[in-house]
Amino acid sequence: MSLSSTEDRNPQSANLDLKSVREILEIINREDKTIAGSVGQSLEDIEKLTEEVVKTFKNGGRLFYLGAGTSGRLGVLDASETVPTFSVDPKLVTGLIAGGDYALRHPIENAEDSEKAGEEDLIKENLTSKDFVIGIAASGRTPYCIGAVEYAKKIGAKTGSIACNKNALISDHVDYPIEIETGAEVLTGSTRMKAGTATKMVLNMISTTAMVKIGKVYDNLMVDLRPTNEKLIDRARKIIVELTGISYERAGEILEEANNQVKPAIIMVNKNIGYEKALEILKINQGFIREDL
């Protein structure tokens, strides 16, 4: 067995190049089905890390994801999606990738080998002790990530990691390690596959749960979305209709009066008040609207 199980040969995909298209697809599908179960085995560790992320947000801190290659791209993806989904400040969740933004589209394979680069990227972001840093490393041993979390710990920030191997090296360097045993890839060493899927699932769980717990969600509705296109405007209006009972047309008018913000729009209708007063109520309730419905 190799140093990390993500580098092992997978007997289920032996002679892959001799298989038909359908056979290859079936092999990939069978292997992918194992990922949710693997993630489920680590729920306790995911819970511990997510609880700390919630505390970080409530205390005015920020969340940083760092990774190289696929891991870095997935972190950037999850971070960037928090803005339209939850209307958060773009700096609340930041994804950093080894090699910088150029590496999002162009492979810079040796960028991950520098611990110093991870530290330098966090210095550029003015990391403070109030922040939380998560190193994402499928192999569990990416120097870029280890350098980043070591620097974060040095200045007093909380740290976590997501690895797709047990006994991952990075786990020894952080406060809240998560290890998902995804096993050998269908295509040996191609961690954009099962390891990438597991990482995406865990990132979704962390960010979504944290946003729920800081008031960005009511019931299972996206009440803090940023309606920046027709689809999202339609969704925003439908949420207002569902939670207030007014017409779709009136919901559009209220949404405009509320500066395209769903939560104050809902409060304005339910309490028959203006926009500024709705904002005051939201501030008093720390962004949560359940008490006002």
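All figures in this text were calculated on a predicted structure; none of them were measured in a lab. Starting from 1, each residue takes its place in the sequence as its number.
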Exercise. With side chains defined as the heavy atoms from C-beta onward, is the minimum distance between Leu92 and Thr82 less than 4.5 Å?
Worked result: no

Exercise. Can you name the residues that form a side chain to side chain contact (heavy atoms under 4.5 Å, CB included) with Val241, not counting sequence neighbours?
Worked result: Tyr248, Ala251

Problem set entry | Pair Thr191-Glu185, side-chain donor/acceptor within less than 3.5 Å | no

Exercise. Which is it for Asn165 and Ser5 under the side-chain hydrogen bond (donor to acceptor under 3.5 Å, both in side chains) test, yes or no, and what are the steps along the way?
Worked result: CA-CA 6 Å; Asn165 287 288; Ser5 62; 2.7 Å; yes

For this session: Could you tell me which non-hydrogen atom of Tyr65 sits nearest to which non-hydrogen atom of Ala79, and how far apart they are?
Result: CE1-N, 4.1 Å

Problem set entry | 4.5 Å side-chain heavy-atom contact, Gln261 and Ser87 | no

Exercise. Charged N to carboxylate O under 4.0 angstrom, Lys48 versus Glu52?
Worked result: no

Exercise. So with a 6.0 Å cut-off around CG of Asp172, is the heavy-atom count from everything else above 12?
Worked result: yes

For this session: Decide whether Ser139 and Glu7 meet the rule of one side-chain donor and one side-chain acceptor closer than 3.5 Å.
Result: no

Exercise. Is it true that Met201 and Ile162 fall in one hydrophobic cluster, defined by side-chain heavy atoms closer than 4.5 Å?
Worked result: yes

Exercise. Hey, are the side chains of Val39 and Thr182 touching, using non-hydrogen atoms and a 4.5 Å cut-off?
Worked result: no

Exercise. Excluding sequence neighbours, so at least two apart, what forms side chain to side chain contact (heavy atoms under 4.5 Å, CB included) with Glu47?
Worked result: Glu51

Exercise. Between Asp175 and Thr159, does any side-chain donor sit less than 3.5 Å from a side-chain acceptor?
Worked result: yes

Problem set entry | Heavy-atom check, side chain of Thr85 versus side chain of Leu225, under 4.5 Å | no

Exercise. What are the two closest non-hydrogen atoms of Lys153 and His173, and how far apart are they?
Worked result: CD-O, 2.9 Å

Exercise. If you look at every heavy atom in Leu127 and Ala157, which pair is closest and at what distance?
Worked result: CD2-CB, 4.3 Å

Problem set entry | Side-chain donor-acceptor contact under 3.5 Å, Asp45 with Tyr176 | no

Exercise. Salt bridge (charged side-chain N to carboxylate O under 4.0 Å, His left out): which pairs involve residues 215-236, sequence neighbours left out?
Worked result: Lys216-Asp224, Asp224-Lys263, Asp234-Lys238

Exercise. What pairs with Glu120 under salt bridge (Lys or Arg N to Asp or Glu O under 4.0 Å), at least two apart in sequence or on another chain?
Worked result: none

For this session: Check the side chains of Asn204 and Lys200 for a donor-acceptor pair under 3.5 angstrom, ignoring hydrogens and angles.
Result: yes

For this session: In plain terms, say whether Glu31 and Lys194 are close enough for a salt bridge, that is, a side-chain N and a carboxylate O under 4.0 Å apart.
Result: yes

Exercise. Taking all atoms of both residues into account, what is the closest heavy-atom pair of Leu74 and Gly196, and its distance?
Worked result: CD1-O, 3.4 Å

Problem set entry | Note: Arg250-Glu257 ion pair, threshold 4.0 Å (strictly below) | yes

Problem set entry | Lys/Arg-Asp/Glu bridge criterion (N-O < 4.0 Å) met for Glu280, Lys283 | no

Problem set entry | Smallest separation among heavy atoms of Ala278 and Pro264, with atom names | CB-O, 3.7 Å

For this session: Quick one: which residue pairs count as a ring pair (Phe, Tyr, Trp, His ring centres under 6.0 Å) with a foot in residues 123-165, not counting sequence neighbours?
Result: none

Could you give the side-chain donor-acceptor pairs of residues 22-29 under 3.5 Å, partners two or more places apart or in another chain?
| unit_1 | atom_1 | unit_2 | atom_2 | d |
| --- | --- | --- | --- | --- |
| Arg22 | NE | Glu26 | OE2 | 3.0 |
| Glu23 | OE1 | Ser20 | N | 2.8 |
| Glu23 | OE1 | Ser20 | OG | 3.4 |

Exercise. Considering all heavy atoms of both residues, which atom of Cys164 and which atom of Thr199 are nearest to each other, and what is their separation?
Worked result: SG-OG1, 3.8 Å

Problem set entry | Side chain to side chain, Met193 and Val186, heavy atoms closer than 4.5 Å | yes

Exercise. Out of curiosity, Leu221 CG to Ile239 CD1, how far, rounded to the nearest 0.5 Å?
Worked result: 5.5 Å

